[in-house]
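In what follows, a structure is listed as C-alpha cells, so that the remarks can point back to it.
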Amino acid sequence: MWKTCRNDGYRPSLEPEWDAMYLDVIDLRDFYAEELGATVRQILRQRVHHIWPTVRGDRILGLGYATPYLDGFETEAERVVAFMPAAQGVVNWPPTGPSAAALVNDDMLPLPDASVDRVLLVHMLEMANDPREVLRELWRVLSPGGRILVVVPNRRGLWARLDTSPFGYGRPFSRGQMTTLLRESQFSPVMWTEALHMLPVKRRRVRRPSSPWEAIGQKFWPAFAGVIIVEATKLLYQGLPVKEKVRLKPAFRPSLIPAGASPMGREDATAAAPLADAGLLQHSSFPATDRA
C-alpha cells in the first residue's frame, strides 16, 4: 500500500491500510489566499455552479474543505453548512455573520437521516482513511434522490504529481476507480467532467483564468486534467444476485396408457400402486374393463 507524505509525495509502506494524512486547515486556507489558489478557486467555482445552476430551497452540505466553492449558494439555498474533518481542523465560515462551519468525524456526521439534498466534497476522499465509509455516511444523510458532487485529483494529471497545490497530496483517482467506489457505496454517476488543464506552476502568464492554456488543454488533452469532477445520485435500492433455480424431477408421472402397456419399471409401479388404489391414478381414457 501507499501512504502520503507532505514533503516527499508517495512512499511505499508495509502497513495493511491506507495511512490517511489530512492537510492542515491553515495550509488549505493559505493556498487559496495565494494567486495560484485564487485561480484554482475561480476555475472550479465556475464548474461547480455550472453543474448546479440552481439550488433554490435545497439544503447543502460541504464536506472536506469546500468553503471556497460554497460562496453564492447561501443566498439561494434553504441552508448551507460546512463540515471539516477533525484531523484537518476547522476555520470560521462565512467570514461575516454567524458561523456555519463545524468540526466532525467524517464517518459519523451529526445529522439525522435524509436531512440534506446536496453534498459537495472537495479535498476529502483523497485524504480519507476509508472513502467507502465516508460515502456510506453521506448516503445515510442524503434525502431520496439527493446528489453529491465530488472533486478529486486525477491520477493521470500533473497536479497529482506535484505538491504545489493541495491536489498533490493524498490518493488520486481514475474514472474507473471513482465509478467502482461510487457504485459500491450505492451511488450512480450521472455526469463527468474535468478541470485544471493548465500547468500547476506559479507563473502568472500560465495560471491566469483568462489564459488560453485551460481552454486548449480541455480540448486536446482532457484525460490529463488536474481534477476529475463527478456528480452522482443516491440509489434507493441495491441489486441482488440472481440464483439459478433447480428444477426437481417428479417422483412419478401419471400415465395415460393402459397399465399393461405402461413403460414404468417394477420399482415405479410399486411406488405408484398406493396412489392407484386411492383413485389418484385413473386412466379415464379407457374403460374399466380394459385395465389390468
Side-chain angles (χ1 to χ4, degrees), residues 1-6 13 15-32 48 58-70 73-74 77-94 98-144 146-153 166-173 177-178 180-187 227 230-235 238:
M1 299 296 293
W2 298 86
K3 67 178 180 180
T4 186
C5 179
R6 176 172 300 184
S13 172
E15 298 176 0
E17 296 182 356
W18 168 263
D19 187 10
M21 183 176 184
Y22 287 89
L23 285 174
D24 190 86
V25 69
I26 302 301
D27 295 334
L28 292 166
R29 185 190 62 182
D30 293 345
F31 168 76
Y32 283 102
V48 170
D58 289 341
R59 295 158 294 180
I60 301 178
L61 167 65
L63 185 60
Y65 192 78
T67 52
Y69 311 104
L70 293 175
F73 285 146
E74 67 274 9
E78 175 187 333
R79 184 174 303 171
V80 181
V81 294
F83 284 174
M84 302 185 186
Q88 169 190 289
V90 65
V91 293
N92 182 59
W93 181 86
S99 178
L103 197 68
V104 300
N105 290 325
D106 50 21
D107 57 351
M108 296 179 61
L109 301 181
L111 293 173
D113 297 350
S115 57
V116 296
D117 302 302
R118 300 173 186 259
V119 179
L120 175 63
L121 291 93
V122 187
H123 304 303
M124 181 66 235
L125 291 185
E126 66 269 25
M127 305 288 185
N129 183 51
D130 192 342
R132 289 178 180 84
E133 290 298 325
V134 175
L135 290 175
R136 288 167 183 167
E137 180 67 2
L138 292 178
W139 189 95
R140 181 186 67 82
V141 302
L142 271 174
S143 61
R147 301 204 170 195
I148 62 173
L149 189 60
V150 185
V151 180
V152 292
F167 297 106
Y169 298 89
R171 177 199 298 105
F173 291 90
Q177 291 170 335
M178 279 303 305
T180 302
L181 179 61
L182 289 169
R183 288 178 177 175
E184 289 179 351
S185 306
Q186 300 188 37
F187 285 96
V227 297
V230 54
E231 183 186 22
T233 184
K234 173 182 177 178
L235 294 178
Q238 184 175 8

Would you sort out whether Asp58 and Phe73 count as a side-chain contact (heavy atoms from CB on, under 4.5 Å), showing the intermediate values? CA-CA 9 Å; Asp58 289 341; Phe73 285 146; over 6 Å; no

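Side-chain atoms of Phe187 and Val230, non-hydrogen and from C-beta on, never get closer than 4.5 Å to each other. Counting heavy atoms from C-beta on, the side chains of Phe173 and Leu181 come closer than 4.5 Å. Considering only heavy atoms from C-beta on, Leu121 comes within 4.5 Å of Leu138 through its side chain.
The one candidate from Val90, Leu111, Asp106 that meets the side-chain contact (heavy atoms from CB on, under 4.5 Å) condition with Phe83 is Leu111.
For the residue pair Val150 and Ile148, the shortest heavy atom distance occurs at CG2-CD1, 3.9 Å. Summarising the geometry of Pro94 relative to Ala100, their closest heavy-atom pair is CD-N, 4.0 Å, with the distance given to 0.1 Å. Here the closest non-hydrogen pair linking Pro85 and Leu103 is O-CD1, 3.5 Å. Looking at every heavy atom in both residues, Arg140 comes nearest to Leu109 through NH2-O, 3.2 Å. Tyr22 and Asn129 make their closest contact through OH-N, 4.5 Å (heavy atoms, listed as atom of the first residue, atom of the second, distance). When all heavy atoms of Leu142 and Arg118 are compared, the pair lying nearest together is CD2-N, 4.1 Å.
Interatomic distance, Arg132 CZ to Gln186 CD, rounded to the nearest 0.5 Å: 13.0 Å. With rounding to the nearest 0.5 Å, the separation of CG in Leu23 from NE2 in His123 is 8.0 Å. From Glu78, atom CD reaches atom CZ of Arg59 across 6.0 Å, with rounding to the nearest 0.5 Å. Note: Leu182 CG to Gln177 CD = 12.0 Å, rounded to the nearest 0.5 Å. We find the CH2-NZ distance between Trp139 and Lys234 to be 4.5 Å, quoted to the nearest 0.5 Å. Once rounded to the nearest 0.5 Å, the distance linking CG of Leu120 with CD1 of Ile60 reads 8.5 Å.
Tyr169 and Asp27 form no side-chain donor-acceptor contact under 3.5 Å, judged by distance and modelled atom types alone.
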N/O donor to acceptor pairs below 3.5 angstrom from side-chain atoms of residues 61-70, sequence neighbours left out:
from	atom 1	to	atom 2	distance (Å)
Tyr69	OH	Tyr32	OH	2.7

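Under the side-chain hydrogen bond (donor to acceptor under 3.5 Å, both in side chains) criterion, Ser143 pairs with Asp117, not counting sequence neighbours. Looking at residues two or more places apart in sequence or on another chain, you find a salt bridge (Lys or Arg N to Asp or Glu O under 4.0 Å) between Glu133 and Arg136.
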